[in-house]
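Reminder, nothing fancy here: chain letters follow the sequence lines and each chain counts from 1.
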Amino acid sequence: MNYNELSIPEATRLQQELRKEVITTPFKGKVQYVAGADISFNKFSTTVYAGIVLLHFPSLQPVGYSLVKKEVTFPYVPGFLAFREVPALLDAWQQLPQKPDVLVVDGHGIAHPRRMGIASHFGVLANQVTIGSAKKKLFGLYEEPGPAKGNHSPLTDKQGEVIGTVYRSKQNVKPIFISPGHLIDVAGSLDLVSQCVQRYRLPEPTRLAHNAVNQFRLGTLPQGYTPA
DNA sequence: GCGACAG
DNA sequence: ATCTTGTCGC
């Protein structure tokens, strides 16, 4: 199905169907590889540059980059980010020679009005363990976490159900929002992402993915899969 | 009607 | 998201 032709009401219907498929149970298993996914584009352009960076875990050393270019006309509408970015990310995913145990997506998972943020949407379509890591809140209520690195507080919906974690990844920086995408729970998502934070506010997977797609857009990295 | 609003 | 210089604080 072509997302570019969908109306917002139709996209909402699809999210309501897909949310039935989301699973948030504890992730059991060893993590040997993690990956980060992100998109870059020039303002006012319909060309998007998608990328997935594969990293060894827990060393967090990059193993390779999958980069693809795609045309997208679906607009950015808060709550519907997946319809703009998932198609290109699936192309990059298909091109990845080796899949990670867990994929960290730049955006939210179930911390979404219909529990279907981009990380959950991608996870269901690719049948892959995913976690959403966002820089700003989209949905939910929370108390500001303490100022020290590692301080965190629950992100809940209006019924008090926990849908994610607001996490202070570094001292004196704005917190990040971590939520399960698919096949993992809130606690497991926080545990994995916190182990992916090194020197910067953002976890290495999405930070490196962001750098890669930017370099790709600017012509510094070639399209395709490139071993690190 | 008003405020909120991932990338 | 992207553009973009200087500036404040650890």
Side-chain angles (χ1 to χ4, degrees), chain A residues 3-4 8 11-12 15 18-19 22 36-53 67-90 92 103-124 130-142 144 147-150 155-158 163-182 189 193 198-203 205-220:
Chain A
Y3 286 174
N4 289 320
I8 295 301
T12 301
Q15 290 182 328
L18 291 176
R19 78 178 288 178
V22 177
D38 194 16
I39 294 280
S40 178
F41 58 89
N42 290 308
K43 202 174 181 180
F44 304 131
S45 168
T46 55
T47 302
V48 298
Y49 301 81
I52 295 177
V53 177
L67 302 167
V68 302
K69 196 169 91 163
K70 199 179 184 73
E71 291 303 307
V72 178
T73 57
F74 194 97
Y76 167 66
V77 179
F80 300 88
L81 176 65
F83 295 89
R84 252 183 84 69
E85 306 195 345
V86 162
L89 288 179
L90 284 173
L103 175 69
V104 182
V105 181
D106 189 22
H108 294 95
I110 63 170
H112 177 281
R114 290 167 294 284
R115 300 281 199 281
M116 277 305 298
I118 186 171
S120 298
H121 195 127
F122 183 97
V124 167
T130 58
I131 296 172
S133 175
K135 298 176 286 299
K136 302 176 188 173
K137 181 190 78 168
L138 166 66
F139 178 80
L141 308 169
Y142 70 97
E144 189 69 19
K149 171 184 170 74
L155 179 63
T156 71
D157 63 14
K158 292 175 183 178
I163 55 178
T165 305
V166 184
Y167 181 68
R168 190 82 64 187
S169 55
K170 278 177 57 64
Q171 175 95 261
N172 297 326
V173 299
K174 298 190 59 87
I176 59 176
F177 299 77
I178 304 166
S179 61
H182 186 47
S189 298
V193 173
Q198 291 193 326
R199 183 167 185 247
Y200 303 88
R201 177 194 177 214
L202 302 183
T206 48
R207 193 180 71 80
L208 294 184
H210 188 270
N211 288 344
V213 292
N214 251 335
Q215 291 188 56
F216 175 36
R217 177 173 58 85
L218 300 174
T220 304

For nucleotides 2-4 of chain C, list the nitrogen or oxygen atoms of the protein found under 3.5 Å from its nitrogen or oxygen atoms, one pair per line.
{"from": "C/dT2", "atom 1": "OP1", "to": "A/Ser40", "atom 2": "OG", "distance (Å)": "2.8"}
{"from": "C/dT2", "atom 1": "OP1", "to": "A/Asn214", "atom 2": "OD1", "distance (Å)": "3.1"}

Restricting both atoms to N or O, compile the protein contacts to nucleotides 8-10 of chain C shorter than 3.5 Å, with distance only.
none

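DNA chain C contains no stems of three or more consecutive Watson-Crick or G-U pairs with both distances under 3.5 Å.
Every residue was checked against the ring pair (Phe, Tyr, Trp, His ring centres under 6.0 Å) condition with A/Phe41, not counting sequence neighbours, and none meets it. Residues meeting the salt bridge (Lys or Arg N to Asp or Glu O under 4.0 Å) test with A/Glu144, sequence neighbours left out: A/Arg168. Applying the ring pair (Phe, Tyr, Trp, His ring centres under 6.0 Å) rule to A/Tyr3 yields the partners A/Phe83, A/His121; only residues at least two apart in sequence or on another chain are considered. Legend: residues meeting salt bridge (Lys or Arg N to Asp or Glu O under 4.0 Å) with A/Asp38, ordered by chain and number and at least two apart, are absent. Applying the ring pair (Phe, Tyr, Trp, His ring centres under 6.0 Å) criterion to A/Tyr167, with sequence neighbours excluded, gives no partner residue. By the salt bridge (Lys or Arg N to Asp or Glu O under 4.0 Å) test, A/Lys70 is found to be paired with A/Asp91, residues two or more places apart in sequence or in another chain being considered.
Close approach of DNA chain B to chain A, defined as any atom under 4.0 Å from a non-hydrogen atom of the protein, starts and stops at B/dC5 to B/dG7.
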Under the 3.5 Å Watson-Crick or G-U criterion, the dot-bracket string of DNA chain B, with | for inter-strand pairs: .......
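Residue pairs meeting the salt bridge (charged side-chain N to carboxylate O under 4.0 Å, His left out) criterion with at least one member in residues 112-122 of chain A, sequence neighbours excluded: A/Arg115-A/Asp157, A/Arg115-A/Glu161.
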